[in-house]
There are 2 protein chains.
Amino acid sequence: MARRQTREHIIAEADRLFYESGFETTSFADIAAAVAITRGNFYYHFKTKDEILSAVIKKRMADRLKMLEAWETDRTPSERIRAFIEILITNQTKIRAFGCPIGTLATELKKLNHAARGEAVALFDVFRDWLGRQFFDLGFKARSDDLAMHVLMRSQGVASLATAYNDLKFIQREVEDLCRWLDAEVQSLNGK
Amino acid sequence: MARRQTREHIIAEADRLFYESGFETTSFADIAAAVAITRGNFYYHFKTKDEILSAVIKKRMADRLKMLEAWETDRTPSERIRAFIEILITNQTKIRAFGCPIGTLATELKKLNHAARGEAVALFDVFRDWLGRQFFDLGFKARSDDLAMHVLMRSQGVASLATAYNDLKFIQREVEDLCRWLDAEVQSLNGK
DNA sequence: GTCTATACAGCGATAGAC
DNA sequence: GTCTATCGCTGTATAGAC
């Protein structure tokens with residue numbers, strides 16, 4: 001297989017395994033088995049485990065930016081925020097099983113005191129900045145970052161409890177509640 | 001040292017290390033070093049790592065129940081809920097460094113597919129049931145569990161982002177917002 | 001670019017002396 | 001009740017054949 005393909009295959013499987021089992025738990029052998037190559041070959045592509053981690057974080061960042069970019073056309077800012085909230089529904093099966101890929105990684109790296117913990121937070125920033133821009137465009141000039149953090153906070157909270165209780169109805173209820181909150185905020189802004 | 005004392009010392013140090021570094025990362029050697037005993041002696045008290053985990057979860061459960069019981073005297077239900085919300089302020093230093101002890105453990109055990117993952121969720125149930133009882137006593141008969149889950153969800157979300165961003169102002173802002181939400185809910189109930 | 005072989009540290013766990 | 005010694009396994013990582 002070509003160098004590029006094998007490398008991307010490794011990153012994709014590592015991404016999945018880090019999400020489903022955690023970064024520390026996942027061994028080189030696990031990833032090599034998933035890619036169906038030997039451990040020896042593995043080291044041709046990545047010298048250390050931290051190198052794979054960095055590559056996985058970079059891939060996650062690129063994936064999210066691509067998703068957000070796809071929402072830029074034919075959508076109003078509040079429709080975009082709603083699309084973000086509804087990720088909780090779209091990805092509910094995986095979230096109930098493994099939580100939020102970004103939140104759980106950031107927490108794990110923080111506890112490990114891992115050098116890449118800052119890169120994991122940069123993943124949060126992708127959504128924080130994007131959400132902040134949507135709120136800004138809606139007219140919440142001064143409060144745009146606070147509101148972005150609030151939406152991010154609630155999606156993290158829903159993911160956390162959805163994982164613990166594996167409860168779809170809970171997710172649906174909280175998504176509806178968050179959308180109602182959004183409508184009320186927008187209305188109270190325009191009512192002024 | 002007496003058997004009982006050493007055992008409780010081990011549980012206390014394991015509790016701290018599991019919280020600060022995670023369950024999997026913490027080795028027998030780490031705990032033994034913290035307690036200042038040898039690994040060999042360690043096994044006199046606990047035969048397997050899962051035994052320590054169970055003991056730690058039991059201790060956490062007892063600690064939380066004791067805290068909630070102390071709030072039972074001289075407090076109205078809404079004052080009790082407020083006391084729960086303000087844990088985020090009281091424990092802000094540790095939460096910013098390591099997240100919520102219950103949420104992060106539940107998430108980790110779920111990813112490890114660990115046999116004790118259900119016991120970790122039982123820790124959530126302590127707060128869920130207790131919050132539900134407070135809301136029920138306030139008069140939210142049918143919605144009491146939903147509201148308990150909502151408060152739990154938001155405290156999880158705040159803890160998650162507070163850990164990522166190490167941001168005290170964010171915690172204070174969201175605690176105030178959650179208290180305002182509580183007041184509004186109580187008022188709209190009594191207004192009916 | 002992929003493989004085998006191997007080094008070495010640390011893990012959970014056990015046996016037995018004191 | 002605490003210790004030393006040791007086992008078997010798995011982890012990351014390296015060297016070198018093909």
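Below, read A as the first sequence line, B as the second, and so on, with proteins coming before strands; counting in each chain starts at 1. Just so you know, these numbers use all the heavy atoms, side chains as well, and skip hydrogens, waters and symmetry mates.
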* Taking the inter-plane angle between the rings of B:Phe135 and B:Trp181 on a 0 to 90° scale, is it parallel (under 30°), tilted (30 to 60°) or perpendicular (over 60°)? ->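 Correct class here is perpendicular.
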
Between [N] and [X], is there an OP1 or OP2 to side-chain N/O distance shorter than 4.0 Å?
X: B:Thr6; N: D:dT2; answer: yes
X: B:Ser27; N: C:dG10; answer: no
X: A:Asn41; N: C:dG1; answer: no
X: B:Tyr44; N: D:dT2; answer: no

* Does the side chain of A:Phe127 come within less than 4.5 Å of A:Ile102's, by heavy atoms? -> yes

Mind calculating the distance between [atom1] ([X]) and [atom2] ([N]) to the nearest angstrom?
X: A:Ile37; N: C:dT2; atom1: CD1; atom2: P; value: 7 Å
X: A:Asp30; N: D:dC9; atom1: CG; atom2: P; value: 18 Å
X: B:Phe42; N: D:dT2; atom1: CZ; atom2: P; value: 12 Å
X: B:Tyr43; N: C:dA13; atom1: OH; atom2: P; value: 5 Å
X: A:His45; N: D:dT14; atom1: NE2; atom2: P; value: 16 Å
X: A:Arg39; N: D:dG16; atom1: CZ; atom2: P; value: 19 Å
X: B:Lys49; N: C:dC11; atom1: NZ; atom2: P; value: 9 Å
X: A:Ile31; N: D:dG11; atom1: CD1; atom2: P; value: 11 Å

* Among A:Leu88, A:Ile89, A:Thr90, A:Val158, find the one that has a side chain to side chain contact (heavy atoms under 4.5 Å, CB included) with A:Ile95. =>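 Output: one option passes, namely A:Leu88.
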
* To do: Check whether NZ of the Lys or CZ of the Arg B:Lys141 lies under 6.0 Å from the centre of the six-membered ring of B:Phe136 and within 45 degrees of that ring's axis.
  =>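 Because its charged atom sits under 6.0 Å from the ring centre and within 45° of the axis, B:Lys141 does stack over B:Phe136.
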
* Salt-bridge present (B:Arg133, B:Asp129; N to O < 4.0 Å) ->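 Salt bridge between B:Arg133 and B:Asp129, a charged N being under 4.0 Å from a carboxylate O: no.
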
Indicate, with a heavy-atom threshold strictly under 4.0 Å, whether [X] touches base, sugar-phosphate, or nothing.
X: B:Phe28; result: sugar-phosphate
X: A:Thr26; result: sugar-phosphate
X: A:Thr38; result: base

